[in-house]
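What you see below is based on every heavy atom in this structure, not just the backbone, and it leaves out hydrogens, waters and symmetry mates. Chain A is the first sequence line, chain B the second, and so forth, proteins listed ahead of strands; every chain is numbered from 1.
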Amino acid sequence: MAPPRVLMVAEKPSIAHSVASALSRGQMSTRRGSTEVHEFDGVFLGFNVQYKVTSVIGHVFGLDFPATYQDWKATDPLDLFEAPTVKTESNPKAHIRRHLSQEALGCGYLVLWLDCDREGENICFEVIECTGFGRNKDRSKVYRARFSSISEKDILKCMDNLVEPNKDEALAVDARQQIDLKVGVAFTRFQTAYFQGRYGNLDARVISYGPCQTPTLGFCVQRYLQLTTFKPEKFWTLHPYLIHDGYEIQLEWERQKLFDLDVATMLHKLVVGDGILEVTDISEKQESKSRPSGLNTVNLLKVASSALGFGPQTAMQLAERLYTQGFISYPRTESTAYPASFDFRSTLAAQANNPTWGSYVEKLLVDGYHKPKSGTDAGDHPPITPVNSATEVVLGNDAWRLYQYVCQHFLGSISPDLKYIRKKVKFTIGGELFHCVGHHITNKGFTSIMPWLAINEKSLPQFTKGEKLKTSKVELHEGNTTAPDFLSESELISLMEKNGIGTDASIPVHINNICERNYVQVQAGRKLAPTALGISLIRGYQSIDADLCLPDIRSFIEQQITLVAKGQVDHSHVVSHVLQQFKQKFLYFTKQIGNMDVLFEAQFSQLADSGRPLSRCGKCLRYMKYISTRPPRLYCNTCEEVYHLPQNGTIKLYKELTCPLDSFELLIFSMPGPEGKSFPLCPYCYNSPPFEGIDTLFGAGRMGNSNNPGKGAGMPCFLCPHPTCRHSLITQGVCACPECNGTLVLDPISAPNWKLFCNMCNCLVLLPQGAHRVSTTPDRCPDCDSMIIEVDFNKKATPLEDGATLHKGCILCDELLHSLVVVKHGKSFLDEVREEGAEEWEDLGGVQAAAVRKWSILRCLFEVSNGCLCQH
DNA sequence: GCAAGGTC
């Protein structure tokens, strides 16, 4: 009989690899799947078994509202508090659910190696669900490995102490998901709809609220309000000087500063009047400055922002890459304590040949490195350390600078402390006390490798107690207290950490969010300056319900779900209790929104007053206003309707031409750059495509927001199957795209650099340059069914005989035309998506192929019904 | 178009 099989699942591929390596002593075979699967034979609970170790990639599922609640207009945000929720695969393309269910087949046991935190515990139950162990297999065959580090020793040890997964901790995460989703989405939808419907120059597509992002913004605005309301105060300081051994020394006042000029002047007179300083005390003290403990994520992010100028998002991307390339250890960790088993000698030895700090490493290896400071062990991953040695040439400048810091910090953490002697000499004069301080470094310790933390050597001349010295001068210096600066990103990270806002992995996301939503702007030195929108939001919350933007809103949720994690309160009870409270807050907020609106009114202009007249509405025939700030829109004052437009390009009126379907005046949209294409669109059709399904047909909703036609991307004219309109796909489409299933369409305003562009991919066809006119004709090529085009060449540059300028033909079959066209690749709607990954691109290809099939069906239908689709 | 949390 075949030995029983044991399936083990980790949270990420790297841990599956570590676990398998440890348990198999490196004797495993690995095969690819959705994630790698490592197989080997071994002993489990005293039996010989076959092991399979694989992993998920973080959470398998995410929480969302069902489709019926996805329409922003049709759903009352208030209903979201009681709405059902659904779990959907967070990354459907990775097929993790399928992977787990397949790998679980034939396995008698499941061992869960998810990270040992609440999220990990929650993922345990996602894995149980996917593997089927929860339903039809014996639950007692599910085991939880509780490991304290990924070291071989800990992995082996915890195999002897397998426990049960903790349902309460998992439920706490479920509770948090429910609360965050419902609260965040309800507030976000409400305030977005409210303010976007009223103001024209709000430079934000969505005005979001969240229990992490909003307090994060709150910190930035709080500092901003401090600095704008700051009133400088004058103060005075007293500095006597003396000359000793030819050096002038400035003495510091024991009182430091006084805010009263009369008193300061009086004391100044007393000191000047006396004129003789008496040395009252000389002390020397051995001091030390401690080496750092291990480096965790949050500290790395702070240094990256304040010293290297990298934002948290960038820093994490660089760190992630250094990790996957094997140069540093896992970069997401809370721990600053090294595990007992940490191999310092090997880690050091790997750096011995480094040209920059190799000699320092050699010295540590010879003299002996120091035991690191204790730090805190969060039980997740060891501190961030270098793994393999690297050079700037290999890594590139940015990654190198981050890597260099990781190395310096590691070496610093096992170097001696900085030791110095601090000498303080005290003086008295005119009844006032002064002093001067000198430093003598006895051991630079870790500051040799982290020089920015060094203390400057400052020597003092020899004084003797009781010595009397003449002052050379006494200054009364006037100063001003200065306003605090904008909050620095690094300070923000500290505040977030201190207040429990976000986690090491999500802090960068929240900061990025408030930047992208245009609530704050990153200034030089990575200082965060809130925008008018950010300030109005926070001041608005403060005027309605300050709780909404205070950090306690997060701690409140955390504290409530901790009750679930500890098994003290039922999960659904906590969820409904917390949601009830937020619903009350929501109701009050919506009732009082006027308080916030007053602030918006002062900053932004009303929709009706915004923008400039651009094109006529097809319903009332009045001019609509073009609002160019994001999201770009047209607003019809009479009909009170908003029509969204494509973004990231320019919009112009298109020769006052109108759409035959609805009489709206056409616009022309041009993408930036010399090869940017232009296309006409009807504002009405674009927002409400008259041919059912055409908006989703072309995967428009999935194009990302790079150069796509924008939100509500419906139907520009190049997708319109109207048979006779001179701007439609039918009349402007020339031939099939050589590279995809799209159609090459004539760019109507590309003169004199006439071109065709594909309505799906980035294929671009340059037509004979310098022509006066290029136009489509009603005729088709008898050989290939392409549209015959007519070219009116420039008299001076015509390739035609006898100076003729007019030529008709098929660009594929006509020898002359064919020899004059060039296929290129310009900016596509899909460019950015394509860069994100080949897989995504292929999938989009699939969507397009399906779209084209559907589209040709539509066209057939259209031709049959012959234009009766005109009404909408 | 929306939250926050994993991870790539």
Whole angstrom is fine here: how far is it from [atom1] in [X] over to [atom2] in [N]?
X        : N     : atom1 : atom2 : answer
A:Glu89  : B:dG6 : CD    : P     : 20 Å
A:Gln178 : B:dG5 : CD    : P     : 16 Å
A:His99  : B:dC8 : NE2   : P     : 14 Å
A:Ile561 : B:dA4 : CD1   : P     : 14 Å
A:Asp64  : B:dG1 : CG    : C1'   : 12 Å
A:His59  : B:dA4 : NE2   : C1'   : 9 Å
A:Arg97  : B:dG6 : CZ    : P     : 22 Å
A:Phe195 : B:dG1 : CZ    : P     : 22 Å

Contact class for [X] vs. all strands (heavy atom < 4.0 Å): base, sugar-phosphate, or nothing?
X        : value
A:Leu63  : base
A:Asp115 : sugar-phosphate
A:Gly502 : sugar-phosphate
A:Asp504 : nothing
A:Phe187 : nothing
A:Arg118 : nothing
A:Gln70  : base

OP1 or OP2 of [N] versus the side-chain N and O atoms of [X]: is any pair under 4.0 Å?
X        : N     : answer
A:Thr503 : B:dA4 : no
A:Arg517 : B:dC2 : yes
A:Arg633 : B:dG1 : no
A:Arg176 : B:dG6 : no
A:Tyr330 : B:dT7 : yes
A:Arg332 : B:dT7 : yes

Worksheet item: Quick one: does NZ or CZ of A:Lys167 land under 6.0 Å from the six-membered ring centre of A:Phe125, within 45 degrees of the ring axis?
Response: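 Yes - A:Lys167 lies over the ring of A:Phe125, closer than 6.0 Å to its centre and within 45° of its axis.
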Worksheet item: In terms of the nearest nucleotide of DNA chain B, which residue is placed more toward the 5' end: A:Gln177 or A:Lys12?
Response: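 Here A:Gln177 is the residue nearer the 5' end.
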Discussion item. On DNA chain B, compare the nucleotides closest to A:Ser14 and A:His510; which residue's is nearer the 5' end?
Written reply: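 The answer here is A:His510.
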Nucleotide nearest [X] when distance is taken to its side chain, options [options]:
X        : options             : value
A:Val206 : B:dC2, B:dG5, B:dC8 : B:dC2
A:Pro13  : B:dG6, B:dA4, B:dC8 : B:dC8
A:Asp180 : B:dC2, B:dA3, B:dT7 : B:dA3
A:Ile57  : B:dC8, B:dG6, B:dG1 : B:dC8
A:Cys212 : B:dC8, B:dC2, B:dA4 : B:dA4

Fill in: Approximate separation, where rounding is to 0.5 Å, of A:Ile507 CD1 and A:Glu497 CD
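Separation between the atoms: 6.0 Å.
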Worksheet item: Does the ring of A:Trp72 meet both stacking tests against the six-membered base ring of B:dG1: centre distance under 5.5 Å and plane angle under 30°?
Response: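 Ring-base stacking flag set for A:Trp72 and B:dG1.
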Fill in: Under 3.5 Å side-chain donor-acceptor pair for A:Ser208 and A:Arg517
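Present: a donor and an acceptor within the cut-off.
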Worksheet item: For A:Arg32, does the CZ atom have more than 12 heavy-atom neighbours from other residues, nucleotides or ligands under 6.0 Å away?
Response: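 Not buried by this count: 12 neighbours or fewer within 6.0 Å.
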Worksheet item: When you look at CD of A:Gln317, are more than 12 heavy atoms from neighbouring residues, nucleotides or ligands closer to it than 6.0 Å?
Response: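 Yes.
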Practice prompt. Would you state whether a donor and an acceptor, one from the side chain of A:Gln213 and one from the base of B:dC2, lie under 3.5 Å apart?
Written response: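 In this structure, the two groups form no donor-acceptor pair.
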Discussion item. Strictly distance-based, threshold 3.5 Å: is any side-chain N or O of A:Asp552 a donor or acceptor partner for the main-chain N or O of A:Ser555?
Written reply: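 Side chain of A:Asp552 to backbone of A:Ser555: no pair is present.
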Discussion item. Salt bridge check, A:Glu126 against A:Arg97: does any charged N sit closer than 4.0 Å to a carboxylate O?
Written reply: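 Looking at A:Glu126 together with A:Arg97, the answer is no, because their closest N to O distance does not fall below 4.0 Å.
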